[in-house]
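What follows is a set of notes on a single structure, which appears directly below.
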Amino acid sequence: MAYYRRLGSVPRKRHTQHRTPEGGLYYEELMGEEGFFSDSSLLYHRDIPSAIVDARVWELPDQATTPNHPLLPRHLKLHGLFPGAEWKAADVVTGRRLVLGNADVRISYVVAGAPSALYRNALGDECVYVESGEAVVETVFGTLTVGPGDYVLLPRSTTHRWVPAGDGPLRAYCIEASSHVAPAKRYLSKYGQFLEHSPFCERDLRGPQEPLVVDGSDVEVLVKHRGAHGGPVGTRYTYPGHPFDVVGWDGCLYPYAFNIADFEPLTGRVHQPPPVHQVFEGAGFVVCNFVPRKVDYHPLSIPVPYYHSNVDSDEVMFYCGGNYEARRGSGIGQGSVSLHPGGHAHGPQPGAYERSIGVEFFDELAVMVDTFRPLELGEGGLAAEDPGYAWTWSGRGPEA
């Protein structure tokens, strides 16, 4: 983000002495992207941020993936992954179940009721969509209070933890990049300001409001990072003090939240293509959302999507609210994911084309990830699959 923020106590000039009330020095840390040729922030610590007293292996949850072969459109029912009261003991970090993934992005789902350990993802940025429930996200930059419909953007290597709030479960759809995640470039000026045609702007972004300083000793942090072959592995660090020791920071790199209700949909007389729904992008993928909106108003329009072949992408749709008109009759509902891979034309279910004529408003909520490399199924995706979905357009499947 090129949107500058400053919180807490920072010196007037960067890289100069910043004294504690007792006369000692705070420790300055430059956290920057792309070899310090992109966005960065300066953080001022009470303790040396490099100091660790132990390092052990952290065994990650199952990260194996299975190719989508034979090539099929798939329906995954994520709400079935956490039956009964299992969620009460799960946390947003270690409780994730991998649904889909490739070398550029991994998509997981979790239902949680317990606070997570301190955690940072050194593989890439995280974009976590809160389907339901509330939480406080504590970070080295400060806290974010989040709830239903919030995207939570966490820059690579940001130390943080998730603390669920309220009595009900916290449901989170976790998009983990192998790169950085940012608003679509076409929404930004050459200096990074949101342009007038953007469906959201700086006023819609919620960053931390004040520093978070916590005392502690021998504090454990889970670190997800690159392994020998580029895949994810984990390490448990132990720090002599608490990593939340930043008394002030400033810059353009920090966590923030954006609520899907603040996305202003772009509509037209005829059906608009998926790029008008884009929110964020990363290397090898984009994130879009479909929100309640007035639909096509040409007198001969067909409001549901035309059948389409996105020849360069796999399309993943997470259905998180309302009634998605084009999928009626397919078994898809709240908490479903559809995977429509490149090489397979997809579109409305039988009957939806005619039913949509004359409709003026769609009350739907969905988060879409389009990837430019094929996706494979994780253990959570395999466990959640509806095996009959591929045949719902024809009405019959292969003979037994």
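Predicted model only: the values in this text are computed from it and were never measured.
- Side-chain atoms of Asn289 and Tyr151 form a donor-acceptor pair, as typed in the model, at a separation below 3.5 Å.
- Centroid-to-centroid, the aromatic rings of Phe318 and Tyr173 come within less than 6.0 Å.
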> Between Thr392 and Gln349, is a side-chain hydrogen bond (donor to acceptor under 3.5 Å, both in side chains) present by the stated rule, with each step listed?
Replying inline: CA-CA 7 Å; Thr392 56; Gln349 304 302 129; 3.0 Å; yes
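- The stretch residues 56-84 participates, sequence neighbours left out, in these ring-ring contact (aromatic ring centres under 6.0 Å, His included) pairs: His75-Tyr389.
- Looking at Arg156 and Glu126, no side-chain N of the basic residue comes within less than 4.0 Å of a carboxylate O on the acidic one, giving no salt bridge.
- Side chain of Asp314 to backbone of Leu375: a donor-acceptor contact under 3.5 angstrom is found.
- Of the N and O atoms on the side chains of Tyr319 and Glu131, not one donor lies less than 3.5 Å from an acceptor on the other residue.
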> Passes ring-ring contact (aromatic ring centres under 6.0 Å, His included), His160 versus Tyr119? Steps please.
Replying inline: CA-CA 5 Å; His160 67 281; Tyr119 163 71; 5.2 Å; yes
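- In terms of hydrophobic clustering, with Ile, Leu, Val, Met, Phe, Trp and Tyr side chains grouped at heavy-atom distances under 4.5 Å, Tyr27 and Leu212 are assigned to different clusters.
- Using a distance-only test at 3.5 Å, with no hydrogens or angles considered, no donor-acceptor pair links the side chain of Glu28 to the main chain of Leu30.
- For the pair His271 (side chain) and Pro303 (backbone), a donor-acceptor distance under 3.5 Å is present.
- With hydrogens and angles left out, the side-chain atoms of Tyr4 and Asp250 include a donor and acceptor closer than 3.5 Å.
- A donor-acceptor pair under 3.5 Å links the side-chain atoms of His308 to the main chain of Tyr306, judged by distance alone.
- The backbone N or O of Trp162 lies less than 3.5 Å from a partner atom in the side chain of Ser116, making a donor-acceptor pair.
- Of the possible polar contacts, one joining the Asn102 side chain to the Arg373 backbone as a donor-acceptor pair under 3.5 Å is found.
- Formation of a donor-acceptor pair under 3.5 Å by the His242 side chain with backbone atoms of Phe244 is found in this model.
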